[in-house]
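Residues: numbered from 1 along the sequence shown. Quick note: numbers below take in every heavy atom, side chains included, and nothing from hydrogens, waters or symmetry partners.
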Amino acid sequence: MKLRLYSQLWGYGYEYLQEIAYRAGWRIKYVDDSFSNLTQMLEKGEIDVMMNVSRTPEREKHMLFPSRPQGEERYYIYIDPEGNGKINAEDMQSLQGAVIGCDANSYTEEICRKWAKDNGIELTFKEYTGDKNWNDLKDGTIDGMAAADMSLVHQVVPAFNFGESEFFFAI
């Protein structure tokens with residue numbers, strides 16, 4: 001059996017899937033693409049499993065989720081440690097009018113917009129597919145990046161926490 005899935009190629013979720021594949025005799029083909037594209041591929045049956053998917057009512061219409069989560073993640077507005085944007089991690093008002101990058105059509109964007117509205121902060125969102133967003137953060141094209149638990153991967157600083165959610169394997 002050949003199991004196709006989206007996964008980071010590190011961490012306990014990856015190790016878990018590697019062990020399942022070993023015991024079940026599966027060959028795994030990893031697919032590298034944007035989260036948005038991969039969720040569409042999952043819905044079309046072009047890939048079989050995704051890791052680290054937040055469970056939302058909209059996604060439950062197209063995907064199946066287990067009863068127990070794979071883990072829990074926190075969402076942050078990240079800034080460049082070199083200070084290339086206008087956001088000061090110690091001053092929430094520095095977010096006013098900031099340009100925030102996020103994955104296109106993502107749950108992260110949805111909850112960041114709600115958090116900003118609840119806190120009276122006006123943000124401009126720039127949607128991305130792929131990793132260009134992190135380069136734009138480094139060069140100051142955007143002021144911050146809305147994402148989940150990514151500081152170790154991209155060498156950025158989490159400035160403001162705007163939520164958390166459980167995440168799941170999805171089929």
Side-chain angles (χ1 to χ4, degrees), residues 1-79 100-116 123 125-138 142 144-171:
M1 170 186 256
K2 185 176 182 181
L3 176 67
R4 295 165 301 173
L5 57 98
Y6 162 75
S7 172
Q8 295 116 341
L9 300 180
W10 51 269
Y12 75 88
Y14 169 76
E15 297 295 331
Y16 178 72
L17 288 172
Q18 288 294 104
E19 184 66 22
I20 291 172
Y22 172 75
R23 291 174 186 254
W26 294 341
R27 289 184 335 146
I28 298 177
K29 176 184 175 192
Y30 293 96
V31 178
D32 185 23
D33 206 329
S34 71
F35 189 85
S36 179
N37 287 345
L38 290 165
T39 55
Q40 290 175 10
M41 292 169 71
L42 182 67
E43 290 175 14
K44 293 177 186 174
E46 295 169 359
I47 61 174
D48 302 308
V49 177
M50 279 184 69
M51 288 177 37
N52 307 346
V53 179
S54 297
R55 186 182 207 154
T56 66
E58 181 61 31
R59 289 182 181 154
E60 286 180 322
K61 294 176 187 174
H62 308 284
M63 301 174 190
L64 297 175
F65 295 89
S67 60
R68 291 193 169 163
Q70 178 189 347
E72 186 175 289
E73 61 191 350
R74 285 163 185 66
Y75 300 98
Y76 296 94
I77 293 176
Y78 290 94
I79 59 174
I100 304 297
C102 60
D103 288 335
N105 304 312
S106 66
Y107 181 64
T108 304
E109 178 183 1
E110 180 184 324
I111 62 173
C112 189
R113 284 182 184 277
K114 182 182 180 326
W115 175 84
L123 299 174
F125 287 88
K126 184 172 181 180
E127 294 183 337
Y128 291 90
T129 56
D131 281 340
K132 184 181 184 312
N133 48 9
W134 300 105
N135 294 333
D136 282 1
L137 179 60
K138 291 287 185 191
I142 58 176
M145 184 66 199
D149 299 324
M150 298 295 287
S151 59
L152 296 176
V153 176
H154 294 286
Q155 298 177 334
V156 291
V157 175
F160 298 97
N161 174 276
F162 60 87
E164 61 262 338
S165 72
E166 295 176 327
F167 58 90
F168 298 79
F169 289 100
I171 60 171

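- The side-chain hydrogen bond (donor to acceptor under 3.5 Å, both in side chains) search around Arg23 returns Glu19, not counting sequence neighbours.
- For the pair Ile47 and Leu38, the minimum side-chain heavy-atom distance is below 4.5 Å.
- Using a 4.5 Å heavy-atom threshold, the side chains of Val156 and Met145 count as separate.
- Residues Ile28 and Ala21 approach most closely at CD1-CB, 3.4 Å, considering heavy atoms.
- Nearest heavy-atom pair across Cys112 and Leu123 is SG-CD1, 4.3 Å.
- Across Tyr107 and Thr56, no two heavy atoms sit closer than the pair CD1-CG2, 3.4 Å.
- Checked against salt bridge (Lys or Arg N to Asp or Glu O under 4.0 Å), Glu109 has the following partners two or more places apart in sequence or in another chain: Arg113.
- Residues meeting the salt bridge (Lys or Arg N to Asp or Glu O under 4.0 Å) test with Glu58, sequence neighbours left out: Lys61.
- Checked against salt bridge (Lys or Arg N to Asp or Glu O under 4.0 Å), Glu127 has no partners two or more places apart in sequence or in another chain.
- Taking CG of Asn37 as the reference point, atom CD of Gln40 lies at 5.5 Å (rounded to 0.5 Å).
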Side-chain donor-acceptor pairs under 3.5 Å in residues 164-171, sequence neighbours left out?
| from | atom 1 | to | atom 2 | distance (Å) |
| --- | --- | --- | --- | --- |
| Ser165 | OG | Ser54 | OG | 3.3 |
| Ser165 | OG | Tyr75 | OH | 2.8 |

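- Across every non-hydrogen atom of Trp115 and Asn161, the tightest pair is NE1-O, 3.8 Å.
- The CG atom of Leu64 lies 9.5 Å from the CZ atom of Arg55; values are rounded to the nearest 0.5 Å.
- Separation of atoms CZ (Phe160) and OH (Tyr76) is listed at 13.0 Å; rounding is to 0.5 Å.
- Pairing each heavy atom of Val53 with each of Met63, the nearest pair is CG1-SD, 4.2 Å.
- The two atoms that bring Leu137 and Ile79 nearest to each other are CD2-C, 4.1 Å, heavy atoms only.
- Ring geometry for Trp134 versus Tyr78: interplanar angle over 60°, hence perpendicular rather than tilted (30 to 60°).
- Lys126 meets the side chain to side chain contact (heavy atoms under 4.5 Å, CB included) test with Val99, Tyr128, Asp136, Thr141, Ile142; sequence neighbours excluded.
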